[in-house]
Amino acid sequence: LISYLIRHKHTSPLRHCFVSLHITAPIFVLRQWGKHQIGCSWNEISFRYVQHDSERAPVWTADHWRQGAAGVKQGSGGALEPDQGEQVSTLYKSAIDASVETYTRLLQLGLCREQARAVLPQAVQSEVIWTASLQAILHFLDLRLAPDAQAEIRGYAREVQRIVAPLFPVTFAAWEGMKK
């Protein structure tokens, strides 16, 4: 029955199965993830109420830097040449350090958190609790595991699949079988 329902895209019964995940990710990833709200509940910490702590949630840095892809509105191409990657890493670290130092200094000067947070970069890690129906999770995975999805969110999608698939083995087998 599950295979039939998934094959015919009649997935509304999957709205009754839920999973809650505690996610720590860079804000730029969470903004993409937050688009998936049908059948979901989303609560994110707010730097309006809590102070950002780089020790607990380090600012995101790429393992490797990718070049822009010609003729593609969004997306990226292959890795930058090593010398370009080093230059990018230096500039990136400088900008991140300046931003976090400015944030800290603004707080020390007595500025409220809700205004000081405006200088924090999109690479700051935030935390959310994402409660999603199985239908919503499969939709998220369909989109975010696709080859044209941003590499960083694909990594998170793979982790969601790794965690959730064993909870619903019959459904995931049917879902994966439909792709073949």
S.K.: Less than 4.5 Å apart, side chain to side chain, heavy atoms only: is that true for F168 and I137?
M.R.: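 They are not in contact (no side-chain heavy atoms under 4.5 Å apart), so the answer is no.
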S.K.: Compute the ring centroids of Y92 and W65, then answer whether they are less than 6.0 Å apart.
M.R.: yes
S.K.: Name the residue from R66, R158, R31, R144 that meets the salt bridge (Lys or Arg N to Asp or Glu O under 4.0 Å) definition with E152.
M.R.: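 For E152, the salt bridge (Lys or Arg N to Asp or Glu O under 4.0 Å) check succeeds only for R66.
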S.K.: CZ of F47 to CD of E114: how many Å apart, nearest 0.5 Å?
M.R.: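 So the CZ of F47 and the CD of E114 are separated by 14.5 Å.
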S.K.: Please work out which of the three classes, parallel, tilted or perpendicular, describes the rings of Y4 and H8, given edges at 30° and 60°.
M.R.: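 Tilted.
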S.K.: Assess whether atom CG of D53 is packed by more than 12 heavy atoms of other residues, nucleotides or ligands within 6.0 Å.
M.R.: yes
S.K.: If you compare all heavy atoms of P166 against all heavy atoms of Q161, which two are closest, and at what distance to 0.1 Å?
M.R.: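 Residues P166 and Q161, closest heavy atoms: CD-O, 4.2 Å.
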S.K.: If you group Ile, Leu, Val, Met, Phe, Trp and Tyr by side-chain heavy-atom gaps below 4.5 Å, do L14 and L145 land in one group?
M.R.: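 Both belong to a single hydrophobic cluster.
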S.K.: Heavy atoms only: give me the nearest L30-A25 pair and the separation to one decimal.
M.R.: CD1-O, 3.6 Å
S.K.: Could you grab the distance from atom CZ of F18 to atom CD of Q135, nearest 0.5 Å is fine?
M.R.: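 The distance works out to 9.5 Å.
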S.K.: Regarding T24 and Q125, is there a side-chain donor-to-acceptor distance under 3.5 Å anywhere?
M.R.: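 Per modelled atom types, T24 and Q125 side chains form no pair under 3.5 Å.
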S.K.: Hey, what do you get for NE2 (H10) to CG (L1), rounding to the nearest 0.5 Å?
M.R.: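 Between H10 NE2 and L1 CG, I get 8.5 Å after rounding to 0.5 Å.
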S.K.: With rounding to the nearest 0.5 Å, note down the distance linking OG1 in T104 to CD in Q51.
M.R.: 6.5 Å
S.K.: Group every Ile, Leu, Val, Met, Phe, Trp and Tyr by side-chain heavy-atom contacts under 4.5 Å, then state whether I6 and L143 land in the same group.
M.R.: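 Hydrophobic grouping puts I6 apart from L143.
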S.K.: I want to check something: taking the side chain as every heavy atom from C-beta on, are S46 and R117 in contact at a cut-off of under 4.5 Å?
M.R.: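 With C-beta onward as the side chain, the pair touches.
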S.K.: Dump the intermediate steps for ring-ring contact (aromatic ring centres under 6.0 Å, His included) on F28 and W60, then the final yes or no.
M.R.: CA-CA 10 Å; F28 72 89; W60 174 88; 4.9 Å; yes
S.K.: Following the transitive rule for hydrophobic clusters with a side-chain heavy-atom cut-off under 4.5 Å over Ile, Leu, Val, Met, Phe, Trp and Tyr, establish whether L141 and V170 coincide in one cluster.
M.R.: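 Result: yes, single cluster for both.
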S.K.: If Ile, Leu, Val, Met, Phe, Trp and Tyr residues are connected whenever their side-chain heavy atoms lie under 4.5 Å apart, and connections chain through other members, are I129 and I45 in the same group?
M.R.: no
S.K.: Can a donor-acceptor pair be found, under 3.5 Å and without considering hydrogens, that links the side chain of Q67 to the backbone of A79?
M.R.: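 Judged by distance alone, yes, a pair lies under 3.5 Å.
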S.K.: Begin with the C-alpha distance, continue with both residues' side-chain angles, and end with the deciding distance and a verdict on side-chain contact (heavy atoms from CB on, under 4.5 Å) for Q87 and L80.
M.R.: CA-CA 10 Å; Q87 291 176 48; L80 288 175; over 6 Å; no
S.K.: On a heavy-atom basis, which atom in S20 and which in T131 lie closest, and how many Å separate them?
M.R.: OG-OG1, 2.6 Å
S.K.: Are I27 and Y156 connected into the same hydrophobic cluster when the rule is that any two of I, L, V, M, F, W, Y join if their side-chain heavy atoms are below 4.5 Å apart?
M.R.: yes
S.K.: For C40 versus A132, what's the shortest heavy-atom pair and its separation?
M.R.: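 Heavy atoms of C40 and A132 come nearest at SG-CB, 3.6 Å.
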S.K.: Looking only at heavy atoms, what is the nearest atom pair of A123 and P26, with distance?
M.R.: O-CB, 3.9 Å
S.K.: Could you tell me which non-hydrogen atom of P121 sits nearest to which non-hydrogen atom of I96, and how far apart they are?
M.R.: CG-CD1, 3.6 Å
S.K.: In this structure, which one of L167, V19, T171 forms a side-chain contact (heavy atoms from CB on, under 4.5 Å) with L134?
M.R.: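 In the set L167, V19, T171, the residue that makes a side-chain contact (heavy atoms from CB on, under 4.5 Å) with L134 is T171.
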S.K.: Distance-only, no hydrogens or angles: does the R154 side chain make a donor-acceptor pair with backbone N or O of P147 under 3.5 Å?
M.R.: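 Pair found, side chain donor or acceptor close to backbone of P147.
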S.K.: Is there a donor-acceptor pair closer than 3.5 Å between any side-chain N or O of S89 and the backbone N or O of G85?
M.R.: yes
S.K.: Are the aromatic ring centres of W130 and F140 under 6.0 angstrom apart?
M.R.: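 They qualify: ring centres under 6.0 Å apart.
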S.K.: Could you measure the distance from the OG1 atom of T11 to the CD1 atom of I2? Nearest 0.5 Å is fine.
M.R.: 10.5 Å
S.K.: Answer yes or no: is there a donor N or O on one side and an acceptor on the other, between the side chain of S133 and the main chain of H16, under 3.5 Å?
M.R.: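 No, the answer is negative, given that no donor and acceptor are paired below the 3.5 Å cut-off.
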S.K.: CD of Q115 to CZ of R48: how many Å apart, nearest 0.5 Å?
M.R.: 10.5 Å
